[in-house]
**Student:** 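Just dropping this structure here.
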Amino acid sequence: MTENTKKYEFKAEVKKLLDILVHSLYTSREIFLRELISNASDALDKLRFESNRGVEMSDKDLPLEIRIEFDDKKKMLTIADTGIGMTRDEVIANIGTIAKSGTEEFVRLLGETKADPANMIGKFGVGFYSVFMVAKEVIVKTKSFRNDEKAVEWKSDGLGEYEIIELDEKLPRGTKIEVYLKDDASEIAEKWRLESIIKKHSNFISHPIFLAKDKINTVSAIWREPKSSVKKEQYEEFYKFLSYDSDAPMDVIHKAVDAPIQFNVLLFIPKKSNDMFWHDRENYGLDLYVRRVLIQHKNKELLPEYLSFVKGVVDSEDLPLNISRETLQENIVFTKIASSVSSTLFSYLSDKAKNDSAGYNEFWKEHGKIFKLGYGDYSNHDKFMELIRFNSSECKDKEELISLADYTSRMKEGQKEIYFITGANRDALRLDPHMEIFRNKGLEVLFLTDPVDEFVVQSLHKYKEFDFKSAEAVDSKKLSEMKNIEEKKSDLDDLNKDDEKHFFSLLSKMKSILSERVEDVVKSTRLVDSASCVVSKDEGLSASMQKILRMTNKEMGQSKKIFEVNPDHKLVRNLIKVFKKDPNDDFILTVTEQLFESALLQEGSLDDPHTLIQRLNKSLEQSSDWYVEVKKIS
Ligand code: ADP
């Protein structure tokens, strides 16, 4: 160790990451090369960018390229670029720490899943460290493009510490990485092997890559070529390069836009939604080129967040090469391109929905969860309305999807609203007592099973002239006026005048039992098979919406519900009999409490089920006594 050598410890999260990478035997270790080449390419892009801005730099005439050398005797290889390089402080900041949010979560996932890290590493962008999957020692020699900076050497075995030495010797601008291979990875230091890895993973890098003397990659901007001359395989290969996906894309959208602004766009919709998204929300965007020169990787302003599952490239004729990333958003040409990219996607999806509805449903199942968050984007509002999908009471199974146009095309005569109901899943919703009147009237109800769905319909407000209306808050009197599809009469006779009077007195009794907990207790006109249910006041929020709001705002109390009782239900009829005999019979209290809490439980707003279960078990015990008695079992 010389005087100007300093030892440092890796930051804790880097140590954990390295520990996993060093000690696991991954089959996809070769991707370390993709990561180092991609870093080299970024460094070259950054340099070109500085150069376009006219910044002073060292070795001004060095060509922008990546050179890979290998030594099969020494079992090592080097990856060198003539890019931006790093100063001593930059080395410490860039390799030694990970300054990304969500790193801990990522490292935990990587450790837990035992899955192949090839895709995860690339997507999360901790690429440099992947070299320790194959290396027992790594030496980085780097010289910043700034004239007066000294060259530095960084050295580590990946086990916890690294060393930094300031070099006195003069190095050319850029970064050279020496990789000393582990014994079990030594076969990588061979020409055919390296060549095939580069071709497989780095073919579309936009700077020349030399292996020994030969240029390996075919630098071509396929998005600039006419659509007819690009083969399906080329699109696929480019998509895989861009996305680190191992699958082919679901859709390819390639377009040359001429007016009002000239640009080329090549977009891909992945086959599978990226489930890393929520851990890694920063990792999206389109690559922005100006006349084939990469200006920015993963630009986020080109796409709204709800389209973030789309990958691709935009290449403009009309932006200046030296445009800074900070001023992009204020550039009118750029904002026009961005809105044109969105409308290109919307047109594509609209066509797909029209001409290939099975394909569109696939798309919705994979990406709908994110796409539907576009409900707030008014610039594409009308198209968006036609593109959202729901399952409904008329669908034959939980897979079927309908559009709002499908819904309105089969609305019943006199129907003025689009009905929806929220709940955990289709099976639960089908059993929901609120559905009974809709079934009876043959009215279709949208099943909203994703918590965000209700926000979506509440914010969209209406489709054409039809308001969205929660089935729990619908005015059942208005619905009762509509014709039943089949006259489903209850087996019971109509209540006589006298019993009807007692029924209403029973309701008052129930109201006094439930007192503060309900807004009112009323005769139901919506129920057929159930004895009772709770409903919201007109315009009230549905139960699930209230639950979401209560989770985010603890202050918000439960709004009072109306308790509806069905006079044509056997249980209620018996209750009337009991009531007639003794209005203060405890049985009335027990049944009222039980029905009310069951109704709350069913809509998901019962806070504590313990008393309900106790009461239920007690009634079961009693009915077992009666059962034994009636059946004469002893
Ligand atoms: P990412 O590339 O996603 O930022 P890495 O762990 O691969 O993550 O690299 C960390 C950082 O180290 C890079 O952001 C860059 O600033 C720096 N770096 C890596 N390789 C080079 C290189 N060849 N030239 C200049 N800087 C580099």
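Note that ligands are numbered from 1 as they come in the structure, with each ligand's atoms numbered from 1 the same way. One-based numbering along the sequence shown.
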**Student:** Does the N or O separation between Tyr129 and ligand 1 drop below 3.5 Å for any pair?
**Tutor:**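 There is no such contact.
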
**Student:** Just checking, Lys75 and Tyr180: is the charged tip under 6.0 Å from the six-membered ring centre and within 45° of the axis?
**Tutor:** no

**Student:** With distance as the sole criterion, is a donor-acceptor pair present between the side chains of Asn264 and Trp223 under 3.5 Å?
**Tutor:** no

**Student:** For ligand 1, which part of Asp81 has a heavy atom less than 4.0 Å away: the side chain, the backbone, both, or neither?
**Tutor:** side chain

**Student:** Are any of the side-chain nitrogens in Lys143 or Glu149 under 4.0 Å away from the carboxylate oxygens of its partner?
**Tutor:** no

**Student:** Contact between ligand 1 and Glu35 is defined here as a heavy atom of the residue under 4.0 Å from a ligand atom; is it met?
**Tutor:** no

**Student:** Have a look at ligand 1 and work out which part of Met86, if any, has a heavy atom under 4.0 Å from it: side chain, backbone, both or neither.
**Tutor:**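 Answer for Met86: side chain.
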
**Student:** Is the shortest side-chain N to carboxylate O distance from Glu50 to Arg53 below 4.0 Å?
**Tutor:**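 Yes, charged N to carboxylate O under 4.0 Å.
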
**Student:** With the threshold set at 4.0 Å, does a side-chain nitrogen-carboxylate oxygen contact exist between Glu317 and Arg291?
**Tutor:** no

**Student:** Report, in ascending order of atom number, the atoms of ligand 1 lying under 4.0 Å from any heavy atom of Gly127.
**Tutor:**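 Here the atoms of ligand 1 in question are 5 (P), 6 (O), 7 (O).
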
**Student:** Run the salt-bridge test on Lys352 and Asp251 with the 4.0 Å N-O cut-off and return the result as yes or no.
**Tutor:**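 Salt bridge flag = yes for Asp251 with Lys352.
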
**Student:** Of Thr142, Thr175, Ile177, which has the heavy atom at the shortest distance from atom 22 (C) of ligand 1?
**Tutor:**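 When every heavy atom of Thr142, Thr175, Ile177 is considered, Thr175 comes closest to atom 22 (C) of ligand 1.
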
**Student:** Minimum distance, heavy atoms only, to atom 15 (C) of ligand 1: which one of Val14, Asn94, Asn39 is it?
**Tutor:** Asn94

